[in-house]
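Heads up, the thing below is written out as structure tokens.
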Amino acid sequence: MLRPAPLSRRSHITPTGLGLVLLALLPLAFLVVFFALPVGGMLLRGLRPEGTWDLSAVPEVLGRARTLRVVIFTVSMAGAGTVLSLLLGVPLAHVLYRLAFPGRGLVRAVVVMPFVLPTVVVGVMFRSLLAPSGLLGWLGLDGHWVVILAAFVFFNLAVVVRTVGGMWEGLDRRAEESAAALGARPWQVWRTVTLPALAPALISAGTLVFLFCSTAFGVVLTLGGLRYGTVETEIYLLTTQFLDLQGAAVLSLLQLGAVVMMLAVAARTRTRREQALQRGGARSAPRPVRRSDLPVLLVAGAVVALVLLPVSSLVVRSLQAGGGWSLRHYTALADPDASQALRVSVTTAMENSLRTAVDATVIAMVLGVSVAVLVSRRPRRAGARRLVALLDGAFMLPLGISAVTVGFGFLITLDRPPLDLRTSPVLVPIAQAMVALPLVVRTLAPVLRSVDPRLRQAAAALGANPLRAAWTVEAPVLVRPLLAATGFAFAVSLGEFGATAFLARPDRPTVPVVIYELISRPGADNLGMALAAATLLSLVTVTVMGLVERLRVHAVGAF
Amino acid sequence: MLELADVSVRFGATTAVDDVSLALPEGEVLAVLGPSGCGKSTLLRAAAGLEELDAGRVLLDDQDLAGVPTHRRGFALLFQDGQLFPQRSVAENVGYPLRLRRAPTQRRRERVAELLELVGMAGMGDRRPGTLSGGQQQRVALARALAAEPRVLLLDEPLSALDRGLRERLAADLRDVLVRTRTTALLVTHDHDEAFTVADRMAVMLAGRFVQQGPTLQVWREPVTHEVAEFLGYTEVLTGEPARRVAELAGEGLSERVGGTTLALRRSALRVDAQGPLAAQVCSAAAVTDALRLVVDVEGLGRLEALADQASRLDPGDRVRLRVDPAGVATLPAGAE
């Protein structure tokens with residue numbers, strides 16, 4: 001009998017594969033139109049000004065003394081911010097995820113809060129704290145770079161605590177116990193067992209903190225003014241003040257390269273961490289506080305106090321006017337003529353903010369769910385696996401690319417048919433969704449990846465088609481993460497400043513934009529209103545995040 | 001009838017399944033027995049359509065299943081750890097395949113109760129999988145698989161995660177359920193007893209290939225190679241004059257069957273017996289739960305393993321007499337290495 005010719009591995013696409021490809025189309029189209037196109041357009045505008053390539057600007061811009069100063073400032077600030085965040089965040093993570101004590105949930109919520117606070121609000125907080133009239137005004141640090149650093153730490157502590165804590169919580173305690181049984185002192189246990197186990201989380205968190213610090217916009221703009229510039233604010237200044245698009249494009253490219261590199265590092269360690277997490281045993285429950293925990297507790301307490309200080313200063317000062325307690329700044333929020341700086345009342349801006357944030361959340365969720373489903377599949381073929389990894393990375397990009405570049409890119413590329421959206425109110429929610437999308441994916445994808453693929457296979461073998469099998473197995477575990485991601489996306493959209501500052505029309509500003517307008521003008525009343533508006537906005541985002549925290553989805557804000 | 005014809009599955013440079021063929025007639029249970037890493041689970045997954053074939057075909061009643069996705073093959077799959085849907089109750093798990101077929105509620109309820117009864121889990125329908133023991137979970141998983149009325153039931157080490165005593169009890173129950181429901185089943189396992197208890201026929205798989213197939217007892221008694229014999233737990237191989245002598249003593253026509261040239265011996269082949277025909281000296285002794293394990297130097301045969309009654313007291317240097325237990329002796333084809 002003739003042996004049939006050996007089949008080559010079937011090259012036709014299976015129905016499941018086809019479904020996944022279709023699922024990829026919508027988010028990919030979105031990424032191309034609203035991210036690649038604007039960023040590409042922005043870069044082209046700078047590097048091909050007259051329709052021909054002109055790369056002479058590259059060495060010229062990079063050679064400028066000012067560029068060098070900005071780059072050095074950016075890198076050193078981001079480096080210092082990362083180191084400080086890690087040093088303070090790790091003890092806090094230990095206390096919040098390894099020890100059991102009453103009020104732990106509340107403290108966790110307090111620590112996470114800064115991450116979703118609008119950048120502009122953080123700027124306002126620190127200024128209110130350190131201004132000559134502020135609580136810490138005697139330090140004379142107003143306008144100093146140390147303040148920017150403090151704000152970086154304030155902001156990114158949550159990333160470290162959530163990422164490291166999330167992993168720490170799942171560590172099997174028995175490894176530490178056996179080291180101790182072999183005669184290792186607590187410090188040796190920490191150095192030889194705990195630290196290496198946490199390394200992937202530390203690297204991942206550190207990389208992302210560095211990324212967030214080096215691309216921070218709102219904080220630097222509000223705290224550094226024109227004295228201190230990072231690459232991001234420099235792009236903003238070059239674009240809007242000096243109309244030097246070439247310079248902006250070169251810096252954007254530089255930033256893009258650095259961001260891609262950092263995301264790659266973070267992605268690698270993340271894969272390792274997700275694999276490591278799967279073996280998290282049941283023997284990892286937090287233990288009660290002991291006397292020997294005192295040093296860590298003191299550090300953690302100090303850190304929490306540092307987080308609360310700017311917040312309480314903001315609230316207190318928003319309630320003070322003319323030397324006494326007053327709600328004047330709050331009542332002024334409803335008055336459209338309260339400030340020369342504004343065309344509409346702050347309450348109207350709040351309405352705008354809420355409305356765009358809802359739209360942005362809907363967009364981010366629809367796309368985020370599709371992307372999360374896609375990137376959580378583990379195809380057999382190596383090529384397909386690489387494609388999935390690439391997609392995973394591509395949808396993280398908006399997290400690190402200059403929001404200014406995206407925002408300005410929107411204006412210059414989406415200004416002609418068929419996509420003449422410049423004056424359309426959909427631009428703002430789309431830009432905000434772009435920023436929230438990576439966070440949604442990061443919240444949902446680990447949950448989906450943690451589901452044993454054999455459960456789906458068991459369902460398939462019982463006769464469930466791929467869609468039904470996925471629904472049976474994955475929908476039940478996804479309910480709470482979906483709610484959490486929705487809240488997270490909403491909070492982030494609400495506070496988005498970088499891209500919104502470019503795109504919001506003057507007659508339809510959002511609250512962060514209004515706050516920035518207010519603090520850019522002189523006058524105690526303008527500042528007071530900014531403080532009141534910032535308090536109000538924080539209250540909304542913190543409430544939303546408080547609800548999210550109650551859902552106990554660990555992936556929120558962990559990277 | 002399930003047929004695998006010249007099936008190969010490769011992962012990059014490694015060949016997990018190498019040109020394997022098998023035929024599984026309706027109502028029969030075939031066990032693929034092999035050490036871990038031999039490719040048996042991949043073979044099962046290939047049959048289920050969860051792995052793509054690099055060569056060969058999977059046929060069901062002469063119909064080629066290439067391109068037929070898992071959920072349309074009508075094979076239920078039972079994993080080592082059950083893979084019950086954790087958010088659904090036991091009854092919902094078992095009723096899942098019936099729901100997929102839109103069976104009416106009343107009918108579904110009856111069938112679920114019937115199946116739970118069958119696997120010895122009657123009245124446990126409202127429990128959550130998380131509250132069940134490992135053995136109970138496997139019983140529920142079995143009921144769920146049977147609810148699908150699979151044309152072939154694929155079992156991937158179904159009892160390996162369980163304790164020994166439970167495993168033995170469940171193996172017998174599994175055999176009983178499969179026979180009563182006349183289910184065609186393909187079982188892969190590394191456990192000899194599991195294969196022996198559950199299956200009608202057995203295939204031994206080593207390093208991606210089938211090295212022997214046949215009725216379980218036949219494979220057990222007549223391994224075709226030294227390797228198979230070793231994997232099946234035969235610790236010694238005898239050739240020449242010693243083999244002829246043991247074959248004679250074993251009786252039961254063993255000597256005629258193969259000419260008595262090559263024999264494989266389990267530890268239980270030689271037993272201490274005061275009336276036994278062989279003389280030996282004890283070299284070492286170790287107690288296990290139900291016997292005393294000896295290494296003995298047998299006159300004319302050399303150093304071999306043997307068993308003694310647990311109550312007997314033997315020390316190195318003691319002289320004993322041995323008899324041959326034919327159940328512990330297998331014949332190897334002449335010249336098998």
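Chain identifiers are assigned alphabetically (A, B, ...) following the order of the sequence lines, protein sequences preceding nucleic acid strands; residue numbering begins at 1 within each chain.
- Taking a 6.0 Å sphere around CZ of B/R101, one finds it holds more than 12 heavy atoms contributed by other residues, nucleotides or ligands.
- Residue B/L100 comes nearest to A/A464 through the heavy atom pair CD1-N, 3.3 Å, listed as atom of the first residue, atom of the second, then distance.
- Both the backbone and the side chain of B/F85 come within less than 4.5 Å of a heavy atom in chain A.
- Crowding of B/E26 atom CD: a count of heavy atoms from other residues, nucleotides or ligands under 6.0 Å not exceeding 12.
- The side chain to side chain donor-acceptor pair (under 3.5 Å) analysis of residues 37-46 of chain B, with sequence neighbours excluded, yields the pairs A/Q457-B/R45, B/K40-B/E157, B/S41-B/D156, B/R45-B/E51.
- The candidate from B/P86, B/A76, B/G12 with the greatest count of non-hydrogen atom pairs under 4.5 Å with chain A is B/A76.
- Interface remark: B/L84 contributes backbone atoms only to the contact with chain A (heavy atom separation under 4.5 Å).
- At a 4.5 Å heavy-atom cutoff, the contact between B/R88 and chain A is made by side-chain atoms alone.
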Starting from the C-alpha separation in whole Å, work towards a yes-or-no answer on side chain to side chain contact (heavy atoms under 4.5 Å, CB included) for B/Q83 and A/R456.
-> CA-CA 9 Å; B/Q83 297 294 343; A/R456 268 207 311 275; over 6 Å; no
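- With a threshold of 4.5 angstrom between heavy atoms, B/A48 does not approach chain A through any atom at all.
- More than 12 heavy atoms of other shown residues, nucleotides or ligands fall within 6.0 angstrom of atom CD in B/E110.
- Residues B/Y96 and A/A469 approach most closely at OH-CA, 4.3 Å, considering heavy atoms.
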Go through the steps for B/R72 and A/N465 under the test side chain to side chain contact (heavy atoms under 4.5 Å, CB included), then give the verdict.
-> CA-CA 8 Å; B/R72 298 225 183 83; A/N465 64 42; 5.8 Å; no
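- No side-chain heavy atom of B/H71 sits less than 4.5 Å from a side-chain heavy atom of A/L462.
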